[in-house]
Structures are given as C-alpha cells and as structure tokens.
Amino acid sequence: MKMAKRMTNRVEQSNNELLELAHDWMLRVEDPDVSAADRLEFETWLNADPRHSDIYDQALTFRDAFSSLSNTDFDSAVTADLYANAEEPTQTAAVLPFRRAVPAVLALAASVLLAVAIAPRLFNTALDSAVVEPVITTVQSAIGETRSVTLDDGSSITLGPATTVTTRFTAEYRYIELTGGAAYFDVAPDPDRPFSVEAGRLTAMALGTAFDVRSRAGVVRVAVAEGTVGVSHPLTVAGRSMSMDDTQVLTVGQEIAATTADGLRPIKSVDADQIGAWRSGRLIYNGASVAELLADANRYSTRSIEVAAGSESILDLQIRGAFVGQNIDDLLAGLAAIHPVDIDASDPARIVVRRRP
C-alpha cells in the first residue's frame, strides 16, 4: 500500500500540480494492492474540484494512447536505451513501466500529439518533494484484556481483548489498521489530517468523532457515538466485488455492517449509549450472528471455543441479548437457552458447541 499522500485543497493549484497529482492517483488506484482508504480518498479528491476530473481524464487518455504503441513506434536509439535498462529485454516499450518509458514518450512528438501536449508536465513528477515516511506504531491487547492508548495527535483508542491496531501517521493523514477484534476511537479534530480506520476491506473515515469498529467472523461493524463517519466498502453485485466502492455516511446512533459476500448492509439505528459497551465488559447483540458471538467469546476465553463438525449451521443464527464477556460460562449458557445447542466443556483445553439433535 502506498501511503505517501500528496493531496492538497489549495484552489490556486496550477495545471502542472494537478497533472502530477492525477498521474500519482492513476498509479495508486490501478495498483492491485490499493487500499479502500486510498480509493475513498481518491473519490474525495476527484469530487473536490471540477478541474480534477478533467485533468484525470487527460491522464487516462494519454495513458491509453501510450499503451497502444508498439516498439516499432519508437525511435531505434530510444528503444535501445529502454531495453538496455529493462529487466526483461524482450518486452515491448508499450508495456514497460510508465516512468521508465518517459524518454520514449517525449520522442514520439510527431506521432502522439496529445502525449506531447501533456507528457512534459505529467511525468515531471515532484522529485523535488521529499516523501515523508509515516510514523508506524503497533498496539496489541491480550486475551481478556481491554486496553486504552492515547495517540500523538490527542486521539484515543480503546482496544477490546485480543485486538491489534497499527497506526500510520504523517503531517497529512492519520491511518489505522484494525486486525480483528474491536476498537473504540475518540478522534481529535484536525481538518487537515483525515483519520481513517481500515478493517478488512472496509474503511471508516472521520475528522473528529467517536465511533466503534468491530471485526469478527468475516463481519465488520461500524457504529457512531458522536459526530459523522464516512464508511466505504467495495460494491458487491451478485456476490462479486466490483472495482468501485459503495460509500455511506453514518451519524450518531447509526450502525452499518459489511461482509465480502454482501458488501455494505443497510444502515440501522442503535442505542448510542450502548455503542462501545464492551469497554466495560458488556457484550450487547442486536441481530449479530452466533459466529460473531463465538468470535467475541474466544477473545475472552483461555480455552478454545469451537463448533463441532456437522453443526456449522448454528453459526448463521442470530442472537439478541446482553452478556458479560469475562463470564464465559454464563455467556455460553445463555446461548444454549436461546438456540438449540449443547455446550460440551468436558475437555480442559477446549469447549465444543454442537447443534442439539
């Protein structure tokens, strides 16, 4: 993932600068490893100024014109120089890395007029601008532990049990990656530095707000306690993820869930006072799946909680109720009281949940 952000809101940007930005965005959004946060930020940039979409279209037009060229379209001296520096001498100049082919592009002034018009500016990237490496910090919590940390910007994060977050901060952006578990974010306002959280393929972005992100059993949920949060996830059609994102805006007392199969589910209302209740040990479910409940239980339990082979159908059952995370016995007993399952705790190393005959 390319974290070097070169976005700016200056209205007085010259076409030179915009062409450089459009070039950088083109490389980033077409990278197979582009993150959801980058896609959301690209859409924000594209819509921020009418000139942005026009300049970006120019960059795409140039790229398409360039990619249609073959090695025979290049001056032999230029082609030889390109091949001399290529890792694979047999590949054509048209598919060489974009930046490496700059000299050849400039040599094609007669045959690609559009390229000549924009290439000198498009490829004169900001080499004079130093890329600021992000400050990266990883914070973890143990099984059964709830941990709070204060970040350098004044924001705070509360981690649920067995949760890992990685922060990447620069002077231009604040990026958090949540690896499973739950985290509650109380974000210090900073309009010049967007604050985004990525969990799986979902990204939640806010400037100053408080919200909860939970990732377990393939489901990511975002709930807003204060302020407004933009949430994006790859658009899913007929179970297939598209290249574009579905984006929703949540306000106080709203929650949204996302899965790879479904994409973003409809927004629903929740009790704002219950958002992040897990910070005090209360696990509250209002239509979550049994799979999510068991994933939570495993973050509190020192014994592995497993579903018996042949009983996987119970994972899709919905659960409503409140439990105490630290009291695994009561939690599982409550599950057995709600759904037809048996709890086998005879093995000291694990607990097995199986569907009742």
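All values below were derived from every heavy atom in this structure, side-chain atoms included, with hydrogens, water molecules and symmetry-related copies excluded.
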Notebook entry, point to check: Val231 and Thr203: side-chain contact (heavy atoms from CB on, under 4.5 Å), yes or no, with the steps?
Noted result: CA-CA 6 Å; Val231 177; Thr203 300; over 6 Å; no
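- Atom CZ of Arg350 sits about 13.0 Å away from atom OG of Ser301, to the nearest 0.5 Å.
- Distance OG1/Thr179 to CD/Glu198: 9.5 Å, rounded to 0.5 Å.
- The backbone N or O of Thr163 sits nowhere less than 3.5 Å from a side-chain atom of Arg147 that would complete a donor-acceptor pair.
- Between Tyr285 and Phe323, the ring planes lie tilted relative to each other; the angle falls in the 30° to 60° range.
- By the rule that hydrophobic residues join a cluster once side-chain heavy atoms approach within less than 4.5 Å of another member, Val307 and Tyr300 end up as members of one cluster.
- Contact detail for Gln326 and Gly144: the closest heavy-atom pair is NE2-O, 2.9 Å.
- Ile343 places a side-chain heavy atom less than 4.5 Å from the side chain of Ile351.
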Next item on the list: For Thr138 and Val165, run side-chain contact (heavy atoms from CB on, under 4.5 Å): C-alpha distance rounded to whole Å, both residues' side-chain angles, the deciding distance at 0.1 Å, then the answer.
Entry: CA-CA 6 Å; Thr138 297; Val165 295; over 6 Å; no
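- We find the CG-CG distance between Asp271 and Asn286 to be 10.0 Å, quoted to the nearest 0.5 Å.
- The hydrophobic cluster containing Val219 does not contain Leu293, counting ILVMFWY residues as joined when their side-chain heavy atoms lie under 4.5 angstrom apart, directly or transitively.
- For Arg279 and Tyr184, the positive end sits near the middle of the six-membered ring, less than 6.0 Å away and at most 45° from its axis.
- Between the side chain of Ser289 and the backbone N or O of Leu317, no donor-acceptor pair lies under 3.5 Å.
- Enclosure of atom CE in Met242 by more than 12 non-hydrogen atoms of other residues, nucleotides or ligands within 6.0 angstrom is indicated.
- Of the possible donor and acceptor atoms, one in the side chain of Ser141 sits under 3.5 Å from a partner among the backbone N and O of Ala162.
- Under the side chain to side chain contact (heavy atoms under 4.5 Å, CB included) test applied with Ile176, the options Val213, Val139, Thr166, Ile157 reduce to a single match, Ile157.
- For the pair Gln140 and Glu145, the minimum side-chain heavy-atom distance is 4.5 Å or more.
- In this model, no donor atom of one side chain and acceptor atom of the other lie less than 3.5 Å apart for Asp245 and Thr247.
- Heavy-atom minimum distance, Val222 versus Val229: CG1-CG1, 4.5 Å.
- Asp153 has its side chain within reach of Arg193: a pair of non-hydrogen atoms, C-beta onward, lies under 4.5 Å apart.
- Across all non-hydrogen atoms, the minimal contact from Gly154 to Ala188 is C-CB, 3.9 Å.
- At least one donor-acceptor pair under 3.5 Å links the side chain of Arg356 to the backbone N or O of Val341.
- Summarising the geometry, atom CG belonging to Asp152 is positioned 6.5 Å from atom OG1 belonging to Thr137; distances are rounded to the nearest 0.5 Å.
- Shown here for Ser196 and Met205, the closest heavy-atom pair between the two residues is CB-CE, 3.7 Å.
- Formation of a donor-acceptor pair under 3.5 Å by the Asp262 side chain with backbone atoms of Arg265 is not found in this model.
- Using modelled atom types and a 3.5 Å distance limit, the side chains of Thr228 and Thr251 yield no donor-acceptor pair.
- Using a 4.5 Å heavy-atom cutoff, the side chains of Tyr175 and Thr170 are not in contact.
- Under the 4.0 Å criterion applied to side-chain N and carboxylate O atoms, Arg354 and Asp342 are not assigned as salt-bridge partners.
- Using a distance-only test at 3.5 Å, with no hydrogens or angles considered, a donor-acceptor pair links the side chain of Ser311 to the main chain of Arg355.
- Val149 and Phe195 fall within a single hydrophobic cluster, where Ile, Leu, Val, Met, Phe, Trp and Tyr side chains are chained together by heavy-atom contacts under 4.5 Å.
- Arg174 and Ser155 get closest at one heavy-atom pair: NH1-OG, 3.7 Å.
- Within the 4.5 Å cutoff, side-chain heavy atoms of Leu264 are placed close to those of Leu202.
- Looking at Glu306 and Ser304, their side chains do bring a donor and an acceptor atom within 3.5 Å of each other.
- Cluster membership check: Leu315 shares its hydrophobic cluster with Leu331, using side-chain heavy-atom separations under 4.5 Å among Ile, Leu, Val, Met, Phe, Trp and Tyr.
- In terms of modelled atom types and a separation under 3.5 Å, the side chain of Thr158 and the main chain of Ser148 share no donor-acceptor contact.
- Environment of CG in Asp347: crowded, with over 12 heavy atoms of neighbouring residues, nucleotides or ligands closer than 6.0 Å.
- By the 4.0 Å N-to-carboxylate-O rule, Glu177 lies close enough to Arg168 to be salt-bridged with it.
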Next item on the list: Please step through side-chain contact (heavy atoms from CB on, under 4.5 Å) for the pair Ile267 and Gln248, ending with a clear verdict.
Entry: CA-CA 8 Å; Ile267 296 172; Gln248 300 291 335; 4.0 Å; yes
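- With salt bridges taken as basic N to acidic carboxylate O contacts below 4.0 Å, one links Arg221 and Glu292.
- Here the closest non-hydrogen pair linking Val220 and Ser215 is CG2-OG, 3.8 Å.
- Between Val197 and Phe211, some side-chain heavy-atom pair lies under the 4.5 Å cut-off.
- Atom CG of residue Leu178 and atom CG of residue Leu159 lie 8.0 Å apart, to the nearest 0.5 angstrom.
- The shortest side-chain heavy-atom distance between Leu294 and Leu332 falls under the 4.5 Å cut-off.
- Hydrophobic cluster membership is shared by Val290 and Ile338, with clusters built from Ile, Leu, Val, Met, Phe, Trp and Tyr side chains linked at under 4.5 angstrom.
- Judged by distance alone, the side chains of Asp296 and Trp278 never bring a donor and an acceptor atom under 3.5 Å apart.
- Side-chain contact between Glu312 and Ile314 is absent, with no heavy-atom pair separated by less than 4.5 Å.
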